[in-house]
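Heads up: numbering here begins at 1 and tracks the sequence. Values reported hereafter were calculated over all heavy atoms of this structure, with side chains retained and with hydrogens, waters and symmetry mates removed.
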Amino acid sequence: MIEFPSWSERAELSRLWQIAFDDQPRAVRFFFQNRFRPEDCLVYRRDGKIAAALYLLPASLKIAGIAYRAHYIYAAATLPEYRGRGYMAALLEAAGQKGWARGEAYSAVLPATEPLYRFYAKAGYVPYYKVIQVAFTKQELSDLTVAVHLGNREWLLPDFKRLAATRNARLTNREGSLQWDGDALAYAAGYSRVFGGNILTLQNHGRMDYALYEMAGEDCMVTELMSEGDGYLRFGAELLRRAPAAAYHFRLPAGGDFLGKNGIPENAGMLRPLGNQPPLQAPLTGPAPYLGLALS
């Protein structure tokens with residue numbers, strides 16, 4: 001049976017999540033305390049328990065200038081003893097039907113591995129989104145930013161509604177990019193703090209730019225950066241001050257170089273049309289669409 005869960009089943013859903021992904025318990029708790037809604041979750045019941053589940057996080061996108069509602073498939077998981085029975089394929093089909101019924105025209109997902117790209121392709125998803133990843137040693141980033149002067153008044157407390165507006169404005173030339181609201185950004189910032197990171201917000205030419213980062217051992221992982229021009233250098237200098245690390249890894253929308261380094265574009269998400277929306281393919285020209293927020 002496929003249906004929406006109840007609020008009282010959060011503990012069972014949490015156990016499923018931790019078994020499937022081996023995440024830190026505090027990261028799982030953070031999701032269920034801050035982002036979970038029963039109407040954004042589908043479960044497959046078998047033998048009196050939840051055998052599989054996925055989450056449909058609300059989002060939006062624009063294609064050919066038209067705005068569409070969408071959802072993002074998040075934390076799709078099946079208990080080990082129930083894998084290989086088609087439960088997740090059935091959940092994805094139900095998610096498409098539920099999404100279309102509530103007015104969503106597209107479904108996006110960020111598979112974690114290449115075999116999962118093939119799995120989602122069977123469900124109608126096509127590779128659509130790309131990123132580049134660029135890394136700097138501490139010394140390299142320090143050399144690039146040595147002349148940057150940082151004023152405290154430039155660094156602001158996050159206003160997530162404004163941050164979402166900045167993000168969506170920065171991505172307007174990347175047709176089909178997934179757009180998120182302020183609640184989604186607030187969740188991403190809180191999730192970064194779970195992993196020793198945070199969000200930096202910079203007043204930059206009238207916009208509130210930002211960088212989301214996490215710590216992974218001795219490395220700093222910048223999971224999303226929305227800025228331009230000299231804003232990149234200012235974020236680099238501030239990261240050196242606030243997040244000392246041996247190396248700094250930046251995950252960025254594909255296209256062009258970043259502080260003099262080029263990254264190789266790589267697949268970073270898939271998209272599926274719902275209902276009677278026509279089949280699609282990734283844009284052949286122009287900047288590559290971007291999913292982002294590192295919701296993997």
As an exercise, state the distance from SG of Cys41 to CG of Leu56, rounded to the nearest 0.5 Å.
8.0 Å
Please lay out, stage by stage, how Tyr128 and Asn267 fare under the test side-chain hydrogen bond (donor to acceptor under 3.5 Å, both in side chains).
CA-CA 7 Å; Tyr128 199 79; Asn267 287 329; over 6 Å; no
To the nearest 0.5 Å, tell me how far Leu185 CG sits from Met226 CE.
9.0 Å
Distance from Leu239 atom CG to Lys138 atom NZ, nearest 0.5 Å?
13.0 Å
Arg174 side chain vs Ala254 backbone, donor-acceptor pair below 3.5 Å
yes
Working note: Glu238 + Phe235, criterion side-chain contact (heavy atoms from CB on, under 4.5 Å); need CA distance, chi angles, decisive distance, verdict.
CA-CA 5 Å; Glu238 189 70 359; Phe235 275 114; 5.5 Å; no
Closest non-hydrogen contact found for Ser227 with Tyr232 is O-OH, 3.1 Å
Taking every heavy atom of Ile19 against every heavy atom of Pro80, the minimum-distance pair comes out as CG2-CD, 3.7 Å
Please tell me if the side chains of Tyr55 and Leu13 come closer than 4.5 Å, counting only heavy atoms from C-beta onward.
yes
Can Glu214 and Thr223 be said to form a side-chain contact (heavy atoms from CB on, under 4.5 Å), step by step?
CA-CA 7 Å; Glu214 301 172 2; Thr223 55; 4.1 Å; yes
Carefully, step by step, assess Tyr191 and Phe31 under the rule ring-ring contact (aromatic ring centres under 6.0 Å, His included).
CA-CA 8 Å; Tyr191 194 80; Phe31 172 80; 8.9 Å; no
For the aromatic rings, using the six-membered ring if either is Trp, is the centroid distance between Tyr248 and Tyr213 under 6.0 Å?
no
Is the count of non-hydrogen atoms from other residues, nucleotides or ligands lying under 6.0 Å from Arg162 atom CZ greater than 12?
yes
Between Arg45 and Glu9, does a salt bridge (charged side-chain N to carboxylate O under 4.0 Å, His left out) hold up when you go through it step by step?
CA-CA 12 Å; Arg45 299 189 191 278; Glu9 292 179 297; 2.7 Å; yes
Do NZ/NE/NH1/NH2 and the carboxylate oxygens of Arg102 and Asp40 come within less than 4.0 Å?
yes
Test side-chain hydrogen bond (donor to acceptor under 3.5 Å, both in side chains) on Glu266 and Tyr129; report intermediate values, then the result.
CA-CA 8 Å; Glu266 56 187 67; Tyr129 300 105; over 6 Å; no
Does any N or O in the side chain of Arg10 come within less than 3.5 Å of the main-chain N or O of Trp7, such that one atom is a donor and the other an acceptor?
yes
Reported CG-to-CG distance for the pair Leu200 and Asp209, which is rounded to 0.5 angstrom:
11.5 Å
Check the surroundings of atom NZ in Lys261: do more than 12 heavy atoms from other residues, nucleotides or ligands lie under 6.0 Å from it?
yes
Checking Glu12 side chain against Ile50 main chain: does a donor-acceptor pair fall under 3.5 Å?
yes
Determine yes or no for a side-chain-to-main-chain donor-acceptor pair under 3.5 angstrom, with Glu224 supplying the side chain and Leu293 the backbone.
yes
Close aromatic pair by centroid cut-off 6.0 Å: Tyr120 and Tyr125
yes
Is the distance between the ring centroids of Tyr106 and Tyr68 under 6.0 Å?
yes
In Leu116, Ile73, Leu92, the residue satisfying side chain to side chain contact (heavy atoms under 4.5 Å, CB included) with Val109 is Ile73
List the residues meeting ring-ring contact (aromatic ring centres under 6.0 Å, His included) with Phe136, not counting sequence neighbours, and say none if there are none.
Phe250
Taking the side chain as C-beta and beyond, is there a heavy-atom pair between Tyr44 and Met1 under 4.5 Å?
no
Around Asp22, counting heavy atoms of other residues, nucleotides and ligands shown, do more than 12 lie under 6.0 Å from its CG?
no
Would you compute the distance between atom CZ of Phe32 and atom CZ of Arg37 and round it to the nearest 0.5 angstrom?
14.5 Å
For residues Phe30 and Tyr187, establish whether the separation of their ring centroids is below 6.0 Å.
yes
Main chain of Leu225, side chain of Arg170: is a donor-acceptor contact present, judged purely on distance under 3.5 Å?
no
Please assess Glu3 against Leu42 for the test side-chain contact (heavy atoms from CB on, under 4.5 Å), listing each intermediate value before the final yes or no.
CA-CA 6 Å; Glu3 61 185 359; Leu42 285 174; over 6 Å; no
Using only atom types and a distance under 3.5 Å, with no angle test, would you say the side chain of Thr166 pairs donor to acceptor with the backbone of Met208?
yes
Do Leu178 and Ile66 share a hydrophobic cluster (ILVMFWY, side-chain heavy atoms under 4.5 Å, transitive)?
yes
Measuring from Trp180:CH2 to Asn168:CG, what's the distance to the nearest 0.5 Å?
11.0 Å
Which word best sums up how the rings of Trp17 and Phe21 line up, parallel for under 30°, tilted for 30 to 60°, or perpendicular for over 60°?
perpendicular
Would the number of heavy atoms belonging to other residues, nucleotides or ligands and lying under 6.0 Å from CD of Glu81 be above 12?
yes
Is Met221 linked to Leu291 within one hydrophobic cluster, defined over Ile, Leu, Val, Met, Phe, Trp and Tyr using a side-chain heavy-atom separation of less than 4.5 Å?
no
Under the 4.5 Å side-chain heavy-atom rule for ILVMFWY, direct or indirect, which residues accompany Leu274?
Trp100
Ser60 vs Arg69, test: side-chain contact (heavy atoms from CB on, under 4.5 Å). Steps then yes/no.
CA-CA 4 Å; Ser60 63; Arg69 291 176 60 190; 5.6 Å; no
Under the 3.5 angstrom rule, does the side chain of Arg83 hit a backbone N or O of Thr78 as a donor-acceptor pair?
yes
Indicate every side-chain donor-acceptor pair of residues 192-199 with a distance under 3.5 Å to a residue at least two apart or in another chain.
unit_1	atom_1	unit_2	atom_2	d
Ser192	OG	Ala188	O	3.1
Arg193	NH1	Asn198	OD1	3.3

State plainly whether one hydrophobic cluster holds both Val146 and Leu240, where clusters connect Ile, Leu, Val, Met, Phe, Trp and Tyr through side-chain heavy atoms under 4.5 angstrom apart.
no
Should the pair Arg272-Glu93 be classified as a salt bridge under the 4.0 Å nitrogen-to-oxygen rule?
yes
Backbone N/O of Glu140 and side chain of Thr137: donor-acceptor pair under 3.5 Å
yes
Starting from the C-alpha separation in whole Å, work towards a yes-or-no answer on side-chain hydrogen bond (donor to acceptor under 3.5 Å, both in side chains) for Gln139 and Asp143.
CA-CA 6 Å; Gln139 189 61 55; Asp143 290 344; 2.8 Å; yes
